[in-house]
Amino acid sequence: MYLYPETDMPSIQQAIDDMHPDYVVIDSVQTMNVPDMNSAVGSVGQIREVTAELMRIAKTNTITIFIVGHVTKEGAIAGPKILEHMVDTVLYFEGDMHHTFRILRSVKNRFGPTNEIGIFEMHQTGLEEVANPSELFLDERLAGASGSAVVVSMEGTRPILVEIQALMTRRNTATPSAPVAASTTTASAC
């Protein structure tokens, strides 16, 4: 593996031409720039030009190129949507810092299905596929537990069994009500 700390597109292209790698990872496209352009790094124009150049390099040299994009707090790719429109496949790599499991989700795929997932677990040797996610999600389930049910959730074409729990308690009072402090009604005529 060779790490190249560079954001200048012509320098990266030269390194790819010199090394002839099997694959390249660009992290992240929003930090890359084409010096000949007079637009800011991360702008629509820069992202479009960098992505177009990376696609040209990939197709002419038969190299797989992974382009990493920043995401917002909501999980969408940050910045202009141009990146999603230009590439062949969009994958989301999701996880929780408190758990060892990660989900790889296909959102766009010109060559196959979307909304498919792969579940992986982080080990000291790297990520390993979780072959039976249902077993993982039902591992700590107490059989016959009150307020618990097993349901089938479809993720793409993959059925996954998951447990849903409801917290329940006895009440000695009547059904609670939600009083309304103010109410308005609007009528309109056509």
For [X], which fellow cluster members are found when Ile, Leu, Val, Met, Phe, Trp and Tyr are connected by side-chain heavy-atom distances below 4.5 angstrom, either directly or through intermediates?
X     : value
Leu3  : Met1
Val68 : Tyr23, Val25, Phe66
Met97 : none

Please report the interatomic distance [atom1]([X]) to [atom2]([Y]), rounded to the nearest 0.5 Å.
X      : Y      : atom1 : atom2 : answer
Asp8   : Gln14  : CG    : CD    : 11.0 Å
Glu129 : Phe120 : CD    : CZ    : 5.5 Å
Phe93  : Arg102 : CZ    : CZ    : 6.5 Å
Ile26  : Tyr4   : CD1   : OH    : 10.5 Å
Thr7   : Asp27  : OG1   : CG    : 12.5 Å
Ser148 : Ile164 : OG    : CD1   : 9.0 Å

Are [Y] and [X] connected in a single hydrophobic cluster, I mean Ile/Leu/Val/Met/Phe/Trp/Tyr linked by side-chain heavy atoms less than 4.5 Å apart?
X      : Y      : answer
Ile65  : Met55  : yes
Met86  : Met32  : yes
Leu104 : Met154 : no
Val130 : Leu127 : no
Val90  : Leu83  : yes

Should the heavy atoms of other residues, nucleotides or ligands under 6.0 Å from CG of Asn38 be counted, would the total exceed 12?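 No - once you tally the heavy atoms of other residues, nucleotides and ligands closer than 6.0 Å, there are 12 at most.
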
Count the heavy atoms belonging to other residues, nucleotides or ligands that lie under 6.0 Å from NE2 of His99, then report whether that count exceeds 12.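 Counting neighbours around NE2 of His99, 12 or fewer heavy atoms of other residues, nucleotides or ligands fall under 6.0 Å, so no.
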
Residue pair Ile12, Val24: steps toward the side-chain contact (heavy atoms from CB on, under 4.5 Å) verdict: CA-CA 10 Å; Ile12 291 170; Val24 173; 5.5 Å; no

If you look at every heavy atom in [X] and [Y], which pair is closest and at what distance?
X      : Y      : answer
Ile47  : Gly42  : CD1-O, 3.4 Å
Thr114 : Val107 : CG2-O, 3.4 Å
Met9   : Glu53  : CE-CG, 3.7 Å

Close side-chain approach of [X] to [Y], heavy-atom, < 4.5 Å:
X      : Y      : answer
Ile117 : Ser106 : no
Leu54  : Ile67  : yes
Thr64  : Asp22  : no
Asp88  : Asn109 : no

Can you tell me if [X] uses its side chain to pair, donor with acceptor, with the backbone of [Y] under 3.5 Å?
X      : Y      : answer
Asp96  : His98  : yes
Lys108 : Leu91  : no
Asp139 : Glu135 : no
Ser43  : Ala40  : yes
Asn33  : Pro35  : no

If you apply the rule side-chain contact (heavy atoms from CB on, under 4.5 Å), what do you find for Glu128 with Thr125, and how did you get there? CA-CA 8 Å; Glu128 293 181 15; Thr125 57; 3.3 Å; yes

Salt bridge (Lys or Arg N to Asp or Glu O under 4.0 Å): pairs with one or both residues in residues 144-162, sequence neighbours excluded: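 Residue pairs with at least one partner in residues 144-162: Arg105-Glu155.
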
My understanding is that only residues two or more places apart in sequence, or in another chain, count here; which of them pass salt bridge (charged side-chain N to carboxylate O under 4.0 Å, His left out) with Glu163?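 Salt bridge (charged side-chain N to carboxylate O under 4.0 Å, His left out) check on Glu163 returns Arg141.
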
Please walk me through it: do Arg110 and Thr89 pass side-chain contact (heavy atoms from CB on, under 4.5 Å)? CA-CA 6 Å; Arg110 286 193 183 146; Thr89 304; 6.0 Å; no

Once side chain to side chain contact (heavy atoms under 4.5 Å, CB included) is applied, do any residues pair with Met37, and if so which ones, sequence neighbours excluded?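 Result, side chain to side chain contact (heavy atoms under 4.5 Å, CB included) vs Met37: Val34, Ser39, Gln46, Glu49.
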
Please walk me through it: do Ile63 and Ile16 pass side-chain contact (heavy atoms from CB on, under 4.5 Å)? CA-CA 9 Å; Ile63 297 172; Ile16 292 170; 3.7 Å; yes

